[in-house]
Amino acid sequence: MNDMEPPRESPLPPGERQALRERLMSAVPASYSPYRHAGLTFGFGLAVIAGAIASIRGLDPLHLMTIPIVYVFANATEWRAHRYLLHHRSKLVPLLYDRHTPQHHMIFNTDDMAVRNAREWRYVLIPSYAVILIAALNAPIAGAIWLLGYTNVALLYIASTVGYVLLYEALHLAFHLAPDRGIGGWSIIRVLRRHHAVHHDPRLMQRYNFNVTVPLWDLVRRTYVAADDRETFASRKKLTSEA
Ligand SMILES: [Zn+2]
Ligand SMILES: [Zn+2]
C-alpha cells in the first residue's frame, strides 16, 4: 500500500494484512530493542515528572487542581491530535499519519489487536523523543505560568502533561498486548480496550473513538461508539457513502 493513498476504510484481506506486517517488520532495524524503546520513553518521562515534583516548595492544596484541569485539557488534545494529525496527512508532520493510519491501523484490527511479539511495539509506541518534544512544546505555557508567580502550578502542569503522555503510552501498549495473559489480560485493560478496539475497525477509524485513554472527549464531541453498536454504526456509514 502506498502511504500517499487516501486511508483505506475497509479491512485488508488476511493475506494482504500478513504481507504488510511482514514488509513492515522487515523494515525494523536489527538493532531495534522494544525494551530500550519503552525504557527510554518511560525513563525520560519519569525523570521529568520526578524533577518537577522534587522542585515543588510550600504546596497549597488548591494547586493540586492543576492535575484534573490538565487531564481534561490533555484528553481534548489527544482527541484533536488523533483525529486531525494521525488520521489526516498534514504537510507539517506527515510521519504521524504515515505511521498511524496505513501502518498501525492496517496491521491491528478490532478482532486481532495483539502484537505477535515485542518487536511489533515499534508500530504501537510513539518514538521516545516525542515525550521530550511534548514537554518542550508545553514549556512556554509552563514558563508563562511560572512568570506569573505560580511556580508550583507550572511544575504540576509539566508533571501532569508528561504523566498523561505516559498514561497514553502505557494504556495503548497494554491494549495491544495478548488479551488472555499478563497485563493485557487485566480486567481494567479488557474494559478500556473495548473503546480503542472499536476505533481499530477501518470502517469507523476516521470518525469515531479518538480517545485512547478514557473516552471523555469522544462523549463531549459525540464521536463515541460503544463496542455493542459497532456494526450498527459501520452499516450506517456504508449507507451514507452509497447514497
Ligand atoms: Zn492502537
Ligand atoms: Zn487511530
Side-chain angles (χ1 to χ4, degrees), residues 1 3 5-12 17 20-21 24-25 28 34 37-38 41 74-90 93-128 130-131 134 164-179 182-186 188-219 221-227 230 233-234 237:
M1 193 192 311
D3 291 345
E5 286 174 5
R8 181 195 166 102
E9 295 186 58
S10 58
L12 280 177
R17 192 155 72 95
L20 173 68
R21 185 172 223 124
L24 291 177
M25 290 315 294
V28 177
H37 185 175
T41 303
N75 194 270
T77 307
E78 171 193 300
W79 185 95
R80 291 191 74 81
H82 191 170
R83 179 170 192 167
Y84 296 111
L85 295 176
L86 302 189
H87 282 278
H88 296 276
R89 203 167 197 275
S90 76
V93 274
L95 181 75
L96 292 177
Y97 170 85
D98 295 344
R99 273 283 184 91
H100 189 76
T101 304
Q103 296 184 353
H104 179 72
H105 269 281
M106 286 299 120
I107 57 175
F108 304 109
N109 67 30
T110 307
D111 303 312
D112 184 12
M113 293 275 284
V115 292
R116 301 289 185 267
N117 55 61
R119 287 179 68 77
E120 290 194 1
W121 292 9
R122 172 86 166 189
Y123 294 100
V124 176
L125 296 170
I126 59 173
S128 299
V131 179
I134 291 167
Y164 192 95
V165 176
L166 296 191
L167 177 72
Y168 173 98
E169 279 297 84
L171 285 176
H172 191 215
L173 181 59
F175 297 162
H176 287 285
L177 295 178
I183 296 172
W186 290 359
I188 177 78
I189 298 300
R190 283 167 180 263
V191 170
L192 293 176
R193 179 188 285 118
R194 286 161 66 88
H195 185 75
H196 186 55
V198 170
H199 176 69
H200 268 276
D201 184 330
R203 298 170 299 174
L204 301 175
M205 68 177 181
Q206 295 296 103
R207 294 167 188 232
Y208 301 108
N209 292 19
F210 295 106
N211 281 129
V212 173
T213 52
V214 174
L216 174 66
W217 219 249
D218 274 318
L219 287 168
R221 297 299 302 264
R222 297 172 179 273
T223 53
Y224 178 94
V225 174
R230 180 161 71 100
F233 274 77
K237 184 193 163 273

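Just so you know, residue 1 is the first one in the sequence shown, and it goes up from there. Counting starts at 1 for both ligands and their atoms, in listed order. Since we're looking at a predicted model, the values are computed, not measured.
Around the Zn ion (ligand 2), the protein contributes the following N, O or S atoms under 2.8 Å, ordered by chain and number: His82 NE2, His87 NE2, His100 NE2, His105 NE2, His199 NE2.
Applying the salt bridge (charged side-chain N to carboxylate O under 4.0 Å, His left out) rule to Asp201 yields the partners Arg203, Arg230; only residues at least two apart in sequence or on another chain are considered. Taking the salt bridge (charged side-chain N to carboxylate O under 4.0 Å, His left out) definition, one finds that Arg119 meets it with nothing, sequence neighbours left out. Glu169 is linked by a salt bridge (charged side-chain N to carboxylate O under 4.0 Å, His left out) to nothing, counting only residues two or more places apart in sequence or in another chain.
Phe108 and His176 have tilted rings, their planes meeting at an angle from 30° to 60° on a 0 to 90° scale.
Nearest to the Zn ion (ligand 1), among the N, O or S atoms that His172 has, is NE2.
Between the side chains of Asn211 and Tyr224, no donor-acceptor pair is found at a separation under 3.5 Å.
Scanning both residues, Val212 and Glu78, for their nearest heavy atoms gives N-OE2, 2.5 Å.
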